[in-house]
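What follows is a set of notes on a single structure, which appears directly below.
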Amino acid sequence: MNDRELFKIAKEASLHAYVPYSGFPVGAALECEDGTVFTGCNIENAAYGDTICAERTAIVKAVSEGYTKFSRIAIYGESKNYCMPCGSCRQVMAEFSPEMEVLCCKAGGSYVSYPLNRLMPHTFNF
Ligand code: THU
């Protein structure tokens, strides 16, 4: 699957976002090493800190189904600047696949791609 196809799946996932507070829907499409794709969207909460991002939704879905090796994640959000993953999502991704590719788009459809270990060097672990 090419990057654009992965973004299309992420965009579809964003339609399920629950965003009554920010009004900013995000979708993620997480590709596992065997090609299986898990999707996620952001799910907000009246207790704001309990919000979960689209990326972590996709990761917890994958891990809970027995998938822990990821090759790419496409993050879809129609933001002015590239919709980059937050620090918590970077840490959670790095737990499983520090070398995965992270694809981030912005409104208009252009995107950038980084290896996670560039976005999150020197990850906490013990
Ligand atoms: N959000 C994500 O789901 N992923 C990102 O990469 C950036 C931020 C969500 C969290 C919150 O629901 C909304 O976007 C605004 O911060």
Side-chain angles (χ1 to χ4, degrees):
M1 182 180 309
N2 66 36
D3 290 352
R4 290 283 176 199
E5 288 165 331
L6 201 62
F7 269 119
K8 185 167 182 283
I9 295 170
K11 181 177 183 178
E12 284 163 10
S14 76
L15 300 177
H16 298 297
Y18 175 75
V19 289
Y21 306 104
S22 73
F24 182 66
V26 181
L30 176 69
E31 181 189 62
C32 304
E33 280 185 355
D34 74 351
T36 304
V37 174
F38 288 88
T39 60
C41 59
N42 50 340
I43 302 167
E44 298 184 344
N45 194 278
Y48 296 168
D50 289 336
T51 290
I52 182 167
C53 295
E55 298 91 315
R56 273 176 290 150
T57 301
I59 292 165
V60 297
K61 284 171 68 178
V63 174
S64 67
E65 299 290 332
Y67 290 80
T68 57
K69 299 286 176 209
F70 311 128
S71 49
R72 273 185 304 174
I73 188 167
I75 304 163
Y76 183 87
E78 296 186 6
S79 39
K80 198 170 105 204
N81 300 311
Y82 290 110
C83 187
M84 303 297 294
C86 75
S88 297
C89 288
R90 294 178 197 203
Q91 176 70 27
V92 172
M93 287 179 213
E95 177 76 19
F96 298 102
S97 297
E99 292 175 2
M100 66 189 287
E101 280 294 314
V102 181
L103 316 177
C104 310
C105 74
K106 64 180 176 182
S110 66
Y111 73 97
V112 289
S113 171
Y114 299 97
L116 177 59
N117 56 18
R118 240 191 97 193
L119 298 180
M120 187 72 175
H122 310 296
T123 312
F124 172 71
N125 216 317
F126 65 94

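Along the sequence shown, residues are numbered consecutively beginning with 1. Just so you know, ligand 1 is whichever comes first in the structure, and atom 1 is the first atom listed for that ligand. Reckoned from all heavy atoms, side chains included, excluding hydrogens, waters and symmetry mates.
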Quiz prompt | Ser22 and ligand 1 - part of the residue with a heavy-atom distance under 4.0 Å | solution = side chain
Quiz item: Among protein heavy atoms, which lies nearest atom 14 (O) of ligand 1, and at what distance?
Solution: Asn42 ND2, 3.4 Å
Exercise. Among all protein heavy atoms, pick out the one at the shortest distance from atom 3 (O) of ligand 1; state its residue, atom name and that distance to 0.1 Å.
Key: Ala54 N, 3.0 Å
Quiz prompt | Any donor-acceptor N or O pair under 3.5 Å, side chains Ser71, Glu33 | solution = no
Exercise. Any atoms of ligand 1 less than 4.0 Å from a non-hydrogen atom of Phe24? List them with their elements.
Key: 14 (O)
Quiz item: Given that the side chain starts at C-beta and the backbone is N, CA, C, O, which of these parts of Met84 lies under 4.0 Å from ligand 1, counting heavy atoms, or is it both or neither?
Solution: backbone
Quiz item: Side chains of Ile75 and Cys83: does their closest heavy-atom pair fall under 4.5 Å?
Solution: yes
Self-check item: CD/Glu5: more than 12 non-hydrogen atoms of other groups inside 6.0 Å
Solution: yes
Quiz item: So, Thr39 and Glu12: side-chain donor and acceptor under 3.5 Å apart, yes or no?
Solution: no
Quiz item: What is the closest protein heavy atom to atom 8 (C) of ligand 1, and at what distance does it sit?
Solution: Cys53 SG, 4.3 Å
Quiz item: Tell me, which protein residue and heavy-atom name are nearest atom 6 (O) of ligand 1, and how many Å apart are they?
Solution: Glu55 OE2, 2.5 Å
Quiz prompt | Closest protein heavy atom (residue, atom, distance) for atom 12 (O) of ligand 1 | solution = Glu44 OE2, 2.5 Å
Practice problem: Would you tell me whether Ser79 and Asn81 have side-chain atoms, one donor and one acceptor, within less than 3.5 Å of each other? | Solution: no
Quiz item: When you check the gap from the basic side-chain N to the acidic O, do Arg72 and Asp3 get nearer than 4.0 Å?
Solution: yes
Quiz item: Can we call the ring centroids of Tyr111 and Tyr82 under 6.0 Å apart?
Solution: no
Practice problem: Provide the number and element of each atom of ligand 1 under 4.0 Å from a heavy atom of Thr51. | Solution: 12 (O)
